[in-house]
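Below is one structure; the comments refer to it alone.
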Amino acid sequence: QYQGLAGRSTNEVLQLYSAHGQQQKLQRSSVVTQLHGAIKKRLKQDLKSLHSFALELSKDFQRQSKTYLYQVLTAVQGIQLQNEAMQMFQMKAFDLEQSLQEVTERYEKEKQKRRALHNNLVELRGNIRVHCRIRPLLPFDTAAGHLMSQDRQRSFSEKVAYATDDETVLVKCSRPGHASINKTFQFERVYNASESQDTVFADVAPLLTSLLDGYNVCIMAYGQTGSGKTYTMLGPQIEENFAFEDESELGIIPRATQEVFRLISEKPPGSYWVEVSVVEVYNNEIFDLLAKDSCGKVFGVKRDVVTTREGKSDVPLLTHETVENASDFLHLVNKGLQLRVRHPTLVHAHSSRSHLVVTLTITTVVSGDNFGTSWEDEQTSQRLNKEVSCTFPQKERDNKSTSSSRASSPAQLEATEKMKQVKTRLQLVDLAGSECVGMSGVTGAALRETSFINRSLSALADVLGAIAEQRSHVPYRNSKLTHLLQDSVGGDAKLLVMLCISPHQKYLTESMQSLGFGTRARQVQRGQVKKKNFPVPSKAK
Ligand code: ADP
Ligand code: MG
């Protein structure tokens, strides 16, 4: 084109250029128009596909939300169903809980009924009641006491005696080189290591009511040294003294005395009084721990035990102190206990080497008119006269003028002529421990003591054996201990043996021996314990 222009004039060229420009303009506008059309078309298409895509998306979204809604609804329904099921389960659990409670209550009632029946049977047969107390593991159970806390875990595995319930003891032990033991023992009541002095006493208390109802009662702690006999009978020992201040730790003896005085306080004033004697049986000799010298100082005096013409055992010249309340009693007993022979053994630093017998004699003044038919049989009954009124405790004598007290006005004096005394006796016995010689590590005089202790305890077992077999001869006199306790053991008293057990494996032999003793004692039938001659209740006033 430019070559073609070479021979043309400027004008022509300009004209050509302008024509060419026009043409190009025209061409450009048609291209723009075309392009515009194409873009419009394309935009329409895109819009259309976008629209259909959005439509699809919204349909999809609807579909999905329907599915999700459905899922949510099913889940909600599921939860509702689960809720209902849960509520049903809860109701069922509540029902079960209630019926379990009912069954437990019924079981407790049945158990109480069974206990009461068993108690009646025990009364009728004159069985010896046996309770068993397993004390906690204590630092001195391990050879080196201080290791206990560090090695507590190991010590627990060394425990062999357990209270599986309140009537069963389980002894379970397997040691290399020894036959394994898995044996249960049944008793009237079994206390585990955590049961308090309160609980133990609660089971003993009913016997004290019987005491004031006219029965003799004897409570005796049996077990090896360190098994908790003195703790159970008296309470914890601090050095040489008993800590009678801490009420919750008091043992059976102080609590029983408090209870006796409480029961007496509910009776007419002056109708009861209490005397105490404290006796120790040491090396087969009897010592009166309340005997006083001329200056009034208490010192142990040797006494003897005799059999009276009526076949009862008696300790002539034994000191009986009248006490008016429990604190008088504790003061007196504490003084007597200072004299009790003790020697530390390897097992236990305050090991008692003697049997201790604390006796409370309760004299009841009753009107002769109201006596049962056979009151004359009662050997200890005497005519109540001035002599008796003199033996009333000071407080009662001072209260003579009160209308309820006896022996003051002539009319009352006349009444006293018909009055009788009935004595009932509460014997509380803390036996010396039956330990193996090897274990306690004693020699010399202490070894002699041990052999006396063991002999007296086997005499006790022999006596029980003879009674159990209803032999005509019961060897009470083989030992001072059995001679002294003859009446209580022989069936004159409701007798409770409190077996004390150390749960540690190293006392296994002793524990088995004690449990065997308790089991045999339980089987002894002594015939129904006789009630002392008390007034016929309807006439008594
Ligand atoms: P025992 O008179 O049988 O030789 P103790 O009554 O003197 O034995 O008891 C030995 C030790 O064990 C004492 O230190 C006592 O306080 C303690 N003990 C005994 N029984 C228990 C118990 N149930 N709870 C706590 N300590 C006890
Ligand atoms: Mg003791």
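Whatever order the structure lists them in is the order used to number ligands and atoms, beginning at 1. Numbering starts at 1 and runs along the sequence shown.
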Subject >> ligand 1 contacted by Gln224 (non-hydrogen, < 4.0 Å) >> reply: yes
Original post:
Counting N and O atoms only, with roles assigned by atom type, does the side chain of Glu195 sit under 3.5 Å from a partner on the main chain of Asn192, one being a donor and the other an acceptor?
Top reply: yes
Original post:
When you look for heavy atoms under 4.0 Å from ligand 1, do you find them on the side chain of Ala193, its backbone, both, or neither?
Top reply: neither
**OP:** Within a distance under 4.0 Å of any heavy atom of Leu138, pick out the atoms of ligand 1 and give their elements.
**Re:** 12 (O), 17 (C), 18 (N)
Original post:
Is a side-chain donor-acceptor pair under 3.5 Å present for Glu188 with His131?
Top reply: no
Original post:
Mind checking whether Gly226 has a heavy atom under 4.0 Å from ligand 1?
Top reply: yes
Original post:
Checking Lys302 against Phe287: charged group under 6.0 Å from the ring centre and within 45 degrees of the axis?
Top reply: no
**OP:** Ignoring hydrogens, just give me the one of Ser502, Ser196, Gly228 whose non-hydrogen atom is nearest atom 9 (O) of ligand 1.
**Re:** Gly228
**OP:** Indicate yes or no: does an N/O atom of Thr232 lie under 3.5 Å from an N/O atom of ligand 1?
**Re:** no
**OP:** Answer yes when Asp304 and Lys480 have at least one side-chain N-carboxylate O distance shorter than 4.0 Å, and no when they do not.
**Re:** yes
Subject >> Heteroatom test (N, O or S) for Thr230 near the Mg ion (ligand 2), limit 2.8 Å >> reply: yes
Original post:
Are Ser511 and His504 close enough that a side-chain donor and a side-chain acceptor fall under 3.5 Å?
Top reply: no
**OP:** Please state whether Cys500 comes within less than 4.0 angstrom of ligand 1, counting heavy atoms only.
**Re:** no
Original post:
Quick one: do the Thr450 and Arg353 side chains pair a donor with an acceptor below 3.5 Å?
Top reply: yes
Original post:
side chain to side chain donor-acceptor pair (under 3.5 Å): which pairs involve residues 100-111, sequence neighbours left out?
Top reply: Lys111-Asp166
**OP:** Give yes or no for whether the N/O distance cutoff of 3.5 Å, strictly under, is met between Asp430 and ligand 1.
**Re:** no
Subject >> Atom indices of ligand 1 within 4.0 angstrom of Thr225 heavy atoms, with elements >> reply: 4 (O)
**OP:** Using non-hydrogen atoms of the residue, decide whether Gly223 is closer than 4.0 angstrom to ligand 1.
**Re:** no
**OP:** Could you pull out all residues at least two apart from Phe201 that satisfy ring-ring contact (aromatic ring centres under 6.0 Å, His included)?
**Re:** none
**OP:** May I ask you to check if ligand 1 and Lys229 share an N or O to N or O distance below 3.5 Å?
**Re:** yes
